[in-house]
Novice: 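What follows is a structure written as structure tokens; I'll ask about it next.
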2 protein chains.
Amino acid sequence: MPTPSMEDYIEIIYNLIETKGYARVSDIAETLEVHPSSVTKMVQKLDKGEYLLYEKYRGFILTEKGKKVGEKLVFRHELLEDFLAIIGVDKENIYNDVEGIEHHLSWNSIDRLVDLVKYFKEDEQRIEDLRKVQKENEK
Amino acid sequence: MPTPSMEDYIEIIYNLIETKGYARVSDIAETLEVHPSSVTKMVQKLDKGEYLLYEKYRGFILTEKGKKVGEKLVFRHELLEDFLAIIGVDKENIYNDVEGIEHHLSWNSIDRLVDLVKYFKEDEQRIEDLRKVQKENEK
DNA sequence: AATAATTTTTATCATAGGCAAAATTGTTTC
DNA sequence: GAAACAATTTTGCCTATGATAAAAATTATT
């Protein structure tokens, strides 16, 4: 089992490779707002855990295991962003909140959130009803 | 701002005092499944943060600040348990998941979850509709 | 008073990150 | 193409949190 921090890195590496085709230490450092040396250390740890193959100074690629995990993590992240947006959380809080909770939910909870998001998406009226409740609560 | 770990302790101390009238090192250690020495250290830290008044070997009581925080934390914890139960997460996962995420949600998200829980509680039909979506998803 | 239970201290560990210096790679410039 | 410089990456050491283990101190009980 990867630690929360390891998950963060795997997720970002997966995303970078998807969008840019490659992931480098400096990109990851910038995205996570940590120092490059911290990234190197984690990459070495992920190599030990066989999430990626690492070659000093040359770079790294995700293993099958790493890709599989990365895909799940990205799916989960997007689901949670969807969910918070639907219930009306402000944009500026969404990323941080997801960042905070994504590593701490069982897959059972994730499955139920999938259902919940579907529940709202499949009938616009439900979201409107929710907004009504929210308006009521404000008073 | 208390750290997540500090919040855990404050919350449990608040609960213990509410239900038993007092909180002792050994109780807390047992509830949190950590060693008594860890509890002592954290209690000292909470004393420094003025969440409680601590007297070596004698015990401790929450300050006004500690009580205020504790109350909010307990409210948040119960809200999250409610929420996960409503969306159908299995009982055996609820406590751990709440434990994991409660320290990482903005109060903005908490407010929106209050609305959401109210949305479901105020009309039983909505929960039934959600269950229908869940039945559909299973297939 | 002796023993038991609880609490505290001290020392140590693991994770994760910061910072500075060294190593390597990449890019100019001649 | 080689030397000089720049950028990137890595290493080594330090810090902070939060936990454990064992031993010491205190309180409680018999």
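Treat the numbers as computed from the prediction; the structure is a model and nothing was measured. Numbers restart at 1 for each chain; the letters A, B, ... are given by sequence-line order, proteins then strands. The analysis underlying the following values was restricted to heavy atoms, covering all of them including side chains, and did not include hydrogens, waters or symmetry mates.
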Novice: Do the ring centers of B/Y14 and B/H77 come within less than 6.0 Å of each other?
Specialist: no
Novice: Give the rounded distance in Å between these two atoms: CZ of B/R24 and P of C/dA5.
Specialist: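 These atoms are roughly 13 Å apart.
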Novice: Please determine if B/D90 and A/R112 form a salt bridge, counting it only when a charged side-chain N lies under 4.0 Å from a carboxylate O.
Specialist: no
Novice: Looking only at side-chain N and O atoms, does B/S26 come under 4.0 Å of OP1 or OP2 in C/dT7?
Specialist: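 It does, given that an N or O in the side chain of B/S26 lies less than 4.0 Å from OP1 or OP2 of C/dT7.
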Novice: Whole-Å distance between C/dG17 P and A/M6 CE?
Specialist: 12 Å
Novice: Any side-chain donor-acceptor pair under 3.5 Å between B/Q125 and B/D129?
Specialist: yes
Novice: With a 6.0 Å cut-off on the ring centroids, do A/Y119 and A/F83 count as close?
Specialist: no
Novice: Treating B/D47 as the side-chain partner and B/Y54 as the backbone partner, does any N or O pair qualify as donor plus acceptor under 3.5 Å?
Specialist: yes
Novice: At under 4.0 Å, does any side-chain N or O of A/S5 touch on OP1 or OP2 of C/dG17?
Specialist: yes
Novice: Between atom CE in A/M42 and atom C1' in C/dG17, what is the gap in whole Å?
Specialist: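 Interatomic distance, CE of A/M42 to C1' of C/dG17: 10 Å.
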Novice: Compare side-chain N and O positions of B/Q44 against OP1 and OP2 of C/dT7 and report whether any pair is under 4.0 Å apart.
Specialist: no
Novice: Could you check B/T40 against A/V34 and say which one's nearest nucleotide on DNA chain C is further toward the 5' end?
Specialist: B/T40
Novice: At less than 4.0 Å, is any side-chain N or O atom of A/S38 found next to OP1 or OP2 of C/dG18? Yes or no.
Specialist: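 Looking at the OP1 and OP2 atoms of C/dG18, one of them is under 4.0 Å from a side-chain N or O of A/S38.
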Novice: Between B/K48 (NZ) and D/dG18 (C1'), how many Å, whole number?
Specialist: 14 Å
Novice: What is the distance, to the nearest angstrom, from the CD atom on B/E33 to the P atom on D/dG18?
Specialist: 18 Å
Novice: Do the side-chain N or O atoms of B/Y9 get closer than 4.0 angstrom to the phosphate oxygens (OP1, OP2) of D/dA19?
Specialist: yes
Novice: Confirm from the modelled atom types if B/K45 and D/dG18 form a donor-acceptor pair under 3.5 Å, side chain to base only.
Specialist: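 Side chain to base: no pair present.
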Novice: DNA chain C: B/K41 or B/V25, which has the more 5' nearest nucleotide?
Specialist: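 Final value for this comparison: B/V25.
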Novice: Rounded to the Å, how far apart are B/H103 NE2 and D/dG18 C1'?
Specialist: 13 Å
Novice: Return the nearest nucleotide to the side chain of A/S37; candidates are C/dT25, D/dG12, C/dT8.
Specialist: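 The listed nucleotide nearest to A/S37's side chain is D/dG12.
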Novice: Tell me: CD1 of A/I28 to P of D/dT10, nearest whole Å?
Specialist: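 Whole-Å distance recorded here is 10 Å.
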Novice: Does B/Y54 make a side-chain N or O approach to OP1 or OP2 of C/dT8 shorter than 4.0 Å?
Specialist: yes
Novice: Starting from P on C/dA16, measure out to CD on A/E7 and report it in whole angstrom.
Specialist: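 My rounded result for the distance is 11 Å.
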Novice: Would you say a side-chain N or O of B/K56 is under 4.0 Å from OP1 or OP2 of D/dA25?
Specialist: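 No, because none of the side-chain N or O atoms of B/K56 sits under 4.0 Å from OP1 or OP2 of D/dA25.
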Novice: Suppose we call a contact any N or O donor and acceptor under 3.5 Å apart; does that hold for the side chain of A/T3 and the base of C/dA16?
Specialist: no
Novice: Can a side-chain donor-acceptor contact be found between A/N96 and B/H104 if the only test is distance below 3.5 angstrom?
Specialist: no
Novice: Measuring to OP1 and OP2 of C/dC19, would you say a side-chain N or O of A/H35 lies under 4.0 angstrom away?
Specialist: yes
